[in-house]
Q: 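Attaching a single structure in structure tokens format; questions to follow.
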Amino acid sequence: MSTTYDVINPANESIAATIEHFDLGATDNAIAKAAKAFESWRTISPGDRGKLLRRFADVVAAHKEELALLEITNSGHARGNALWEVDNVVNTLTYYSAAPERLFGRQIPVPGGIDVTFKEPLGVVGIIVPWNFPMPIAVWGFAAALAAGNTVVLKPAEYTPLTAIRLGELALEAGIPEGVFNVLPGKGSIVGNRFVTHPLVRKIVFTGSTSVGKSIMAGCADQVKRVTLELGGKSSNIIFADSDLDKAAASAPGAVFDNAGQDCCARSRILVQKSVFDSFMEKFEVGVKKFRVEDPNLATCDMGPLISKKQFDAVQTFLDEPIAFTGSAPSGSGYWMPPTVLMPKNAQARSWREEVFGPVVSVLTFEDEAEAIAMANDSEYGLSGSIWTRDIGRALRVSRGVETGNLSVNSNSSVRFWTPFGGFKQSGLGRELGPDALDSFTEVKNVFISND
Ligand code: NAD
């Protein structure tokens, strides 16, 4: 351990905690410990591994209020969101606790004997987490990785390490053996990069910016290291004239301003069919003005502050485009900003093309289905999106036409632990969650057993 780091409460800029950062030596020690623990963790019977994960879920559930408060203080998350995030940890752990007993291989008909496949764990998995959803993004990686028999080294983001550190302690309390789940707060360039270069780390799960993701993918090539990437997004909320416009407009603020827009799935582009544009904007404005930006400790809070001064400054650079209307935000200390709706000149505008990662949305119109699909696909990203229509044929055609990993029809929900999540194009590589995530934490081993 070399340096200390002050964790800031973004709602008031006070120091929430001071923590120790792992240096290179401490990182190597933790990786060695995880590699040693792998030898026994992989041999624990599937039923017992499942039981331990369920116990981990129970201990997290018993600390729901504490973890939620920690996230509100560290990340400025609205209380309702923070409570949901703890539940997401519990539910994802519970879901994958059933996996060890269902990690089936195959028996394949061959001449001269039998052929069976096994899903073997990889070893130590390195999970690198961004600051926007510290608990959910961590658990989407570590629950499936542990269930498949791997051990984990996890690096939280510099800004938001507190809940991850606490989850590491709670894992031990639940009886997860020492060395199986290790949380290493520290710098990306030191701890995160060491996960990439260390030969005993057999896989990286990286969630974060597309630029860092590319460098991690390049680094992993050196050892043909397995990699899952969950990167940026610029997702479309496509609203057709035949939709339930009241519902589409009422839920559009939450679809982009939730977590202050710091969401890789934020629907930060709204595409409205021209014939209902005025009516949509009228209803949308009502929803934006009602969106409560306030002390995240309040149960009524819809949106808290941005995570940091740096993020606040980056988001302000998008405000040189025409503003249609804004909501409101507290003044004073903290990185507060009102929800803001832009009307860019055209689809070349920066706010239309780049991920803002703040409470800013851009609105443009389209004539017909073909134009809506073309506009949605005019992006290097392809992570999420929504389609609002009452026409089931159109919903199907547009769902198949939009190049993105996760779509919702007449809904803005993006991530469910039961179903696969991940991006097309530069939004990522591979899928997390759902029944297939185990495949990305295992290697298929084929064994032929001769009749002779
Ligand atoms: P970031 O890329 O700066 O950092 C992400 C993590 O990587 C942090 O833990 C950081 O310390 C670490 N890191 C930085 N440099 C590294 C290096 N050279 N080697 C190893 N690790 C390194 O991203 P951020 O600013 O924390 O998060 C915002 C970004 O994350 C946005 O672009 C957003 O879209 C993306 N994101 C994607 C998803 C998804 O599921 N697709 C989810 C959340 C966030």
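Whatever order the structure lists them in is the order used to number ligands and atoms, beginning at 1.
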Q: Looking only at the side chains, is there a donor atom on one of S440 and R226 sitting less than 3.5 Å from an acceptor on the other?
A: no
Q: Among pairs that include at least one residue of residues 186-211, which meet salt bridge (Lys or Arg N to Asp or Glu O under 4.0 Å), considering only residues two or more places apart or in two chains?
A: D28-R194
Q: Decide if the gap between the ring center of F240 and the ring center of W388 is smaller than 6.0 angstrom.
A: no
Q: Can you run down the salt bridge (Lys or Arg N to Asp or Glu O under 4.0 Å) pairs that involve residues 289-298, sequence neighbours left out, and say none if there aren't any?
A: E285-K289, R292-E294
Q: Would you confirm whether the ring centroid of F357 sits within less than 6.0 angstrom of the ring centroid of W131?
A: yes
Q: Any salt bridge (Lys or Arg N to Asp or Glu O under 4.0 Å) pairs touching residues 141-164, not counting sequence neighbours?
A: K155-E158
Q: Would you check ligand 1 and list the protein residues that come within less than 4.0 Å of it by any heavy atom, ordered by chain and number?
A: I128, V129, P130, W131, N132, I137, K155, P156, A157, E158, G188, G192, N193, F206, T207, G208, S209, V212, I216, E230, L231, G232, C264, E355, F357, L383, F421
